[in-house]
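Below you'll find the structure, written out as structure tokens, and then a few comments.
Side-chain atoms are counted along with the backbone in the values below, which use heavy atoms only and exclude waters and symmetry mates.
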Amino acid sequence: MGNINVLSFAVANLIAAGEVVDRPASVIKELLENAIDAGATRVTVEIQQGGVTFMRVADNGCGMSSEDLPVAIRRHATSKIKTAADLDGIATLGFRGEALAAIASVSDLRIITRTADAAYGTCLTAKAGEVLEISEQGAPVGTTVIVENLFGNVPARRKFLKKDVSEAIAVSTYVEKIALSRPDIAIRLIIDGNMKLDTAGDGELKSAMYAVFGRDFVSRMLPVEGGGEGVAVKGFISRPDHVRPKRNYENFFINGRYVNCRTAAAALEQAYVSFCPPERFPCCVLNITVNPAAVDVNVHPAKLEVKFSNERPVFEAVYAAVRTALEADDTRPDIRLSKSAPSPVNAFVPIEEGKREGLAARQISINHVTQAPTSQAAQAQPTSAFARMSAADYAKKYAGGFSSSPTRVAAPISYRTKEAAEVPATKEKASAAPASAREAVPQTAPIPATPVVDQAAPQADAPLQTTPVWRIIGEAFHAYVIVECDDKLLLIDKHAAHERVLFEELRAKLQTREDASQILLLPLTLTLSSEDAALLEAYRAEIAAIGFAFTVGDHSVSVHEIPEGLKPAEAGELLLALPHTLAEGTGNAALSRDIIFERALYQGACKAAIKAGREYPPEYVKWLVERLMALPDITVCPHGRPVAMVLTHANINHQFKR
């Protein structure tokens, strides 16, 4: 007798159900998607005991006819597609026809539905996949699905469920994702009789975010809008001072479908380089619209992943939109006058050794310096050429159209720049201000007997906007400069501000250079797998365009030229990582190289910047404040720490109850 058995229909249904339904959150996901596809504008979700004993999803969609209702719980029964050609451009959330059949096979199911042209509704009752009764009853237009005793007939599956509170959290998390993806739908979530979520359904994404995350979260988000090459990006991203230790606040929606999109996540995180610490991750709610024919949603059992026919336009659209929004933001964080103020981001802050214990005992030094709007202050150098690029410029720069003949590039300069050289106007000033960023500054720098307050600000090629009226009130702990500006006080971190100014100067020069390579005296040999070797050959043109020249062997690669400015070890790591990055669509060669350059720049800028805890001449502090006030979009240092914090006049009055 043969050993191969043909499984019964009931057993096959249980196996198939395990791919679709593995916990209550899976049931809610499928039922919510059906409600949205039915055109609902109001949806109510209710669960009890984590959803194990009771789940209800009620909508005001189009409903089902009495003839369609018994067919709906059969496998592969769907109204979304008819032929194989329909899979090429799926515009609905559901399309496989497996959800209701899978849910019915592992629970006690009731479906109550009515269409707009029907006088009565229809109720279907099923148990373990078998239809028990179909009857008429009064019902509003739409569909209500009630699921009870989940996995009651599959005890082996039920024992793997987590505690009720954990299952309820999973349900709540997915309902929130749906609420963010469709702000035009009013969604209600009730858990054990308590209202947990209630969105307005007014079509405003900010309203949905307010309901899901709260007012404080929304107030620290930046609007984003951009796109190109058939990809549109719109939504919100977090300010650099609003980052998280995990990626759980990154929300991406492709054509209204919540997905785990590695391409978009890589673009988002690379856009935040030099805006937040490497170990932190931004928050976002980004809706990405692409041609349905260019994305395959049928690649994951739970439809939580998609595959693009070409990842590059998606990556570049997200990167350009996010980076443009970050560069345009000039919001500085408010000083929180409360005992439970959040601690700053864990970042390295150089402080002179031996001075940490004594900082609290330092007194505020008063340097009354007033700065009115002047043409010199207004002519400070722009933040960087990179910061002024539009979304189209980003796409053009990193679209792959690089020169095939690299030329020599000028290396980034140290802090001894034209601007720095112009700060000291006399011999005494020259001795007070640092001549080089890498020179050691004495613990207490000598202060001239008569401070010169009309010090000329560094010159630049093009004027910016006129700076506001400001006045230096003093300096606290030799680390923070207190500045009165309009109706607010600024508390400026000397080190962070100087670090960002240095970084932007160096990055501006980096962006004006051309792609170039340097020849290695001894070739760099790297060990490769067969997959790595094949990918290197496949993307040879893109990699060679940024300055690499190499020969691929069976299990190794010999590198003869590397991009100008990279160390051989860095170049080797970049060369091994680039093929996979290009193949996965999570970046491109030029951008990956520039990110390495930027990281090197902000490490150098951190070491070269003035240190907290040291005393500097008043004219030096004034020069730094001038630079900062002329460039309002400098809000964080390259490590993601705030450069300045704001305390408004109104807030001070409120604290004093005036």
Within the distance-only criterion (no hydrogens, no angle test), does the side chain of Arg220 pair as donor or acceptor with the backbone N or O of Asp241 below 3.5 angstrom? yes

State, yes or no, whether a side-chain contact exists between Cys485 and Val469 at a heavy-atom distance under 4.5 Å. no

Take Val625 and Trp470, measure what side-chain contact (heavy atoms from CB on, under 4.5 Å) needs, and give me the verdict at the end. CA-CA 9 Å; Val625 174; Trp470 53 270; 3.5 Å; yes

Taken in chain and number order and not counting sequence neighbours, the residues that satisfy side chain to side chain contact (heavy atoms under 4.5 Å, CB included) with His654 are none

Can you confirm whether more than 12 heavy atoms, excluding those of His560, are under 6.0 Å from its NE2 atom? yes

Contacts of Ile169 meeting side chain to side chain contact (heavy atoms under 4.5 Å, CB included) (sequence neighbours excluded), chain-then-number -> Val165, Thr173

Any donor and acceptor pair, going by atom type alone, linking the side chain of Lys494 with main-chain N or O of His478 inside 3.5 Å? yes

Less than 4.5 Å apart, side chain to side chain, heavy atoms only: is that true for Glu619 and Trp623? no

Return yes if some donor-acceptor pair links the side-chain N/O of Asn251 with the main-chain N/O of Cys284 below 3.5 Å, else return no. yes

Are the side chains of Phe275 and Arg239 in contact, using a 4.5 Å heavy-atom criterion? no

Are the side chains of Pro282 and Glu250 in contact, using a 4.5 Å heavy-atom criterion? yes

Do Asn287 and Leu180 come within less than 4.5 Å of each other through their side chains, counting heavy atoms only? no

Sidechain-backbone polar pair: Lys206 side chain, Pro223 backbone, donor-acceptor under 3.5 Å: no

Could you label the plane-to-plane angle of the Tyr319 and Phe315 rings as parallel, tilted or perpendicular, counting under 30° as parallel and over 60° as perpendicular? parallel

More than 12 foreign heavy atoms under 6.0 Å from NZ of Lys488: is that the case here? yes

The reported gap from CD in Glu484 to CG in Leu489 (rounded to nearest 0.5 angstrom) is 6.5 Å

If the test is side-chain contact (heavy atoms from CB on, under 4.5 Å), which one of Ile543, Ile562, Leu524, Leu526 qualifies with Phe550? Ile543

So that I know where these two stand, are Phe213 and Tyr249 an aromatic pair - ring centroids less than 6.0 Å apart? yes

Is atom OH of Tyr480 surrounded by more than 12 heavy atoms (other residues, nucleotides or ligands) closer than 6.0 Å? no

Among Arg247, Arg244, Arg323, find the one that has a salt bridge (charged side-chain N to carboxylate O under 4.0 Å, His left out) with Glu269. Arg247

In the structure I gave you, are the side-chain heavy atoms of Ile652 and Leu647 within less than 4.5 Å of one another anywhere? yes

To the nearest 0.5 Å, what is the distance between CG on Leu268 and CG on Leu326? 8.5 Å

Do the side chains of Ile482 and Leu491 get nearer than 4.5 Å, heavy atoms only? yes

How about Tyr210 and Phe217: are their ring centroids closer than 6.0 Å? no

Polar side-chain atom of Ser219 near backbone of Asp216 as donor-acceptor pair, under 3.5 Å: yes

Do Ile237 and Leu286 pass the side-chain contact (heavy atoms from CB on, under 4.5 Å) test, and can you show the C-alpha distance, the side-chain angles, and the key distance before you say yes or no? CA-CA 8 Å; Ile237 59 172; Leu286 290 180; 4.1 Å; yes

